[in-house]
Amino acid sequence: MQKRKVTTLAVLGTAVAVWVVDVLTKTWAVSALEGRDPVHLFHTDWARLLLLRNSGAAFSMATGYTWVLTIVAIVVVVVIVRLSGRLRSAWWILGLGLVLGGALGNLTDRVFRSPGPLHGHVVDFIAIGWWPVFNVADSAVVCGAVLLVLLTVAGYDYDGGRSGWAARRAGIETSDEAGDARA
């Protein structure tokens, strides 16, 4: 029971750190960039600060379905918090904490920003190259998701176990190999 609390607190701690940085940077962006032309960083068009309000999902998809995206974000938050007690891998804790923090950051915008609750537009302000404009929450979600995919592909399970490549590397017999040996 104690381990469950510790892992849940670790996921929540990571999420809160991401959420705080996201809220602070969005607050700064709105106050510093509202009504301004893009701010070019490093004297190049490659990196800019540009204030946009996004009513859709990533890459401005699903514009007009903000309420659906809000409900999806709430479900993601609940699922991650419920799953967090079963985690035994520090990398999974980090990955899910990043995704949770990013989901909370953009959910905060959808609930509290105009045009109103469940319809709020997400503040985006970082423009890099050809990539769509994004924010800290978006970055956290993407980095966390990529980490979770890499862990899954490599065979590092959320419960600290190993399968596939990771198990073979560690000399652990996988359930598939055990079945093959019995045949």
Side-chain angles (χ1 to χ4, degrees), residues 10-81 83-84 90-154 158:
V11 170
L12 292 176
T14 302
V16 167
V18 168
W19 178 78
V20 166
V21 171
D22 182 64
V23 168
L24 290 174
T25 57
K26 287 176 180 173
T27 302
W28 170 84
V30 168
S31 68
L33 301 173
E34 184 83 58
R36 288 187 63 183
D37 288 334
V39 175
H40 296 271
L41 303 174
F42 314 114
H43 303 292
T44 179
D45 197 36
W46 182 80
R48 310 172 307 290
L49 298 176
L50 166 69
L51 184 66
L52 295 178
R53 287 177 168 68
N54 182 358
S55 64
F59 313 117
S60 296
M61 294 186 303
T63 302
Y65 291 94
T66 305
W67 66 274
V68 174
L69 298 170
T70 303
I71 292 169
V72 168
I74 291 169
V75 169
V76 167
V77 167
V78 169
V79 167
I80 291 174
V81 170
L83 175 66
S84 65
W91 290 108
W92 274 85
I93 289 169
L94 175 62
L96 285 174
L98 290 170
V99 171
L100 178 60
L104 288 171
N106 285 338
L107 181 60
T108 299
D109 283 2
R110 295 199 188 285
V111 172
F112 294 108
R113 292 199 187 271
S114 64
L118 302 183
H119 297 284
H121 295 178
V122 173
V123 171
D124 291 329
F125 62 95
I126 303 166
I128 304 292
W130 51 267
W131 200 254
V133 181
F134 60 96
N135 59 46
V136 171
D138 297 336
S139 298
V141 168
V142 169
C143 290
V146 167
L147 176 58
L148 296 176
V149 167
L150 291 174
L151 289 169
T152 301
V153 168
Y158 72 92

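Scope of the values below: all heavy atoms of this structure, side chains included, with no hydrogens, waters or symmetry mates.
With sequence neighbours excluded, the residues forming a side chain to side chain donor-acceptor pair (under 3.5 Å) with Trp19 are Thr108, listed by chain and number. Not counting sequence neighbours, Arg48 has no partner by the side chain to side chain donor-acceptor pair (under 3.5 Å) test.
In this structure, Asp22 and Gly105 approach most closely via the heavy-atom pair OD2-CA, 3.3 Å. Listed here is the closest heavy atom pair of Val133 and Ala127: CG2-CB, 4.0 Å. Taking every heavy atom of both residues into account, Ala145 and Val99 meet most closely at N-CG2, 3.7 Å. Taking both residues in full, the closest heavy atoms of Leu104 and Val77 are given as CD2-CG2, 3.7 Å, listed atom of the first, atom of the second, then distance. In terms of heavy atoms, Lys26 sits closest to Ala137 at NZ-CB, 4.3 Å. When all heavy atoms of Val39 and Leu33 are compared, the closest pair comes out as CG2-CD2, 3.8 Å.
One finds the OG1 atom of Thr14 at 6.5 Å from the CG atom of Leu98 (value rounded to the nearest 0.5 Å). One finds the CG atom of Asp124 at 12.5 Å from the CG atom of Leu49 (value rounded to the nearest 0.5 Å). Between the CD1 atom in Ile93 and the CG atom in Leu12 there is a gap of 11.0 Å [rounded to 0.5 Å]. Rounding to the nearest 0.5 Å places CG of Asp138 at 10.5 Å from CH2 of Trp131. With rounding to the nearest 0.5 angstrom, the CD1 atom of Ile80 is 8.0 Å from the CG atom of Leu83. Going from atom CD1 of Ile126 over to atom CZ of Phe134 covers 5.0 Å, rounded to the nearest 0.5 Å.
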Decide side-chain contact (heavy atoms from CB on, under 4.5 Å) for Val23 and Phe112; before the verdict, give the C-alpha distance in whole Å, the side-chain angles of both, and the deciding distance to 0.1 Å. CA-CA 11 Å; Val23 168; Phe112 294 108; over 6 Å; no
Chi angles and distances behind the side-chain contact (heavy atoms from CB on, under 4.5 Å) call for Trp92, Thr152: CA-CA 10 Å; Trp92 274 85; Thr152 301; 3.5 Å; yes
Audit row: Val122, Arg113, side-chain contact (heavy atoms from CB on, under 4.5 Å) steps and yes/no: CA-CA 8 Å; Val122 173; Arg113 292 199 187 271; over 6 Å; no
So Leu150 and Trp91, side-chain contact (heavy atoms from CB on, under 4.5 Å) or not? Walk me through it. CA-CA 10 Å; Leu150 291 174; Trp91 290 108; over 6 Å; no
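Taking 4.5 Å as the limit, some side-chain heavy atom of Leu100 sits within range of a side-chain heavy atom of Val81. In this structure, Trp46 and Ile128 have side chains that are in contact, with non-hydrogen atoms separated by less than 4.5 Å. Using a 4.5 Å cut-off on side-chain heavy atoms (C-beta onward), His121 and Leu52 make no contact. Put simply, the side chain of Val30 reaches to within 4.5 Å of the side chain of Arg53, judged on heavy atoms.
Judged purely by distance below 3.5 Å, without hydrogens or angles, the side chains of Asn54 and Asn106 never pair a donor atom with an acceptor atom.
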